[in-house]
Amino acid sequence: MIKKTIIAVIILVLVGITVKSCMAVLPKKQLKPSDYDQGMTYEKAAAEDKPILTVFYADWCTYCIRFMPKLDSVRKAFKKDFNVLLLNVEDPQNAKLVEEYHIGGFPTVYIIDPKYDNRVHIDTPYLGTVESLSKEVSRYNNMRKLVKKGESCSK
């Protein structure tokens, strides 16, 4: 009788462990912004005839970490019209650009268009969803196409 009780307890413990381990969901590995494709160098991107969707970030910034998957979706949608450049604000190679653009919060997103010497800051509320960021990028893209065709922006 004691053997049967011990065996029953062992079986219950094993079943409990198995059920509990099946219920546990391992957290997804969260990528740092620097784990994503950084794009080309600023100099190379500026030499091309495309505007540059530029993201200034810090790897420790939780908002940047949450923003990167959204940016990746936008990057795929606009890859033929924009270069995407990720700039780590803590990298000494980016210090000049960080200073020039007066970066003080993260992520900070600009559309930089060297061809027209234009830079447009995308306000933080637009970074919340793929849809709102896509809408702002698309808005710029449409205006750029009008300018390229020589049409007035005031229509």
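For reference, positions follow the sequence shown, starting with 1. Just so you know, these numbers come straight off a predicted model, no measurement behind them.
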Check side-chain hydrogen bond (donor to acceptor under 3.5 Å, both in side chains) between [X] and all other residues, then give those that pass, not counting sequence neighbours.
{"X": "S138", "result": "none"}
{"X": "D81", "result": "N141"}
{"X": "E99", "result": "none"}
{"X": "S134", "result": "none"}

Requested in this report: Applying salt bridge (charged side-chain N to carboxylate O under 4.0 Å, His left out), name anything that partners E43, two or more places apart in sequence or on another chain.
Outcome: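 With neighbours one apart ignored, the set is empty.
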Query raised in the report: Excluding sequence neighbours, so at least two apart, what forms salt bridge (charged side-chain N to carboxylate O under 4.0 Å, His left out) with D59?
Result: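 Residues passing salt bridge (charged side-chain N to carboxylate O under 4.0 Å, His left out) with D59: none at all.
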Query raised in the report: Under the criterion side chain to side chain donor-acceptor pair (under 3.5 Å), which of E48, R75, K44 is the partner of N83?
Result: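 So, applying the side chain to side chain donor-acceptor pair (under 3.5 Å) to N83 and each of E48, R75, K44, only E48 qualifies.
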Does [X] have any side chain to side chain contact (heavy atoms under 4.5 Å, CB included) partners at least two apart in sequence or in another chain, and if so, which?
{"X": "I65", "answer": "Q30, P33"}
{"X": "E90", "answer": "W60, N88"}
{"X": "R139", "answer": "K135, E136"}
{"X": "D49", "answer": "K115, R144, K148"}

Query raised in the report: Rounded to the nearest 0.5 Å, what separation is found between the CD1 atom of I52 and the CD1 atom of I112?
Result: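 Output value for this atom pair is 5.5 Å.
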Query raised in the report: Rounded to the nearest 0.5 Å, how far does OH of Y42 lie from CG of L85?
Result: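 Between atom CG of L85 and atom OH of Y42 there are 8.5 Å.
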Query - Hydrophobic cluster partners of L31 (side-chain heavy atoms under 4.5 Å) - result: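 ILVMFWY cluster around L31 also holds Y36, L53, V55, Y57, F67, M68, L71, V74, F78, F82, V84, L86, V109, I111, V120, I122, Y126, L127, V130, L133, V137, Y140.
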Query - Which residues share a ring pair (Phe, Tyr, Trp, His ring centres under 6.0 Å) with Y110, sequence neighbours left out - result: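 Y110: ring pair (Phe, Tyr, Trp, His ring centres under 6.0 Å) contacts with Y101, H121.
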Query raised in the report: Crowded around D123 CG? As in, over 12 foreign heavy atoms under 6.0 Å?
Result: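 Atom CG in D123 is packed in, count exceeds 12.
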Query raised in the report: Around Y63, counting heavy atoms of other residues, nucleotides and ligands shown, do more than 12 lie under 6.0 Å from its OH?
Result: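 At most 12 heavy atoms, drawn from other residues, nucleotides or ligands, come within 6.0 Å of this atom.
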Query raised in the report: Any ion pair linking R119 and E100 (charged N to carboxylate O, less than 4.0 Å)?
Result: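 Yes.
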Query raised in the report: How close do G128 and S132 get, heavy atom to heavy atom, and via which atoms?
Result: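 The pair with the smallest heavy-atom distance is N-OG, 4.2 Å.
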Requested in this report: Indicate the atoms forming the closest heavy-atom contact of C64 with P107, along with that distance.
Outcome: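 Residues C64 and P107, closest heavy atoms: SG-N, 3.5 Å.
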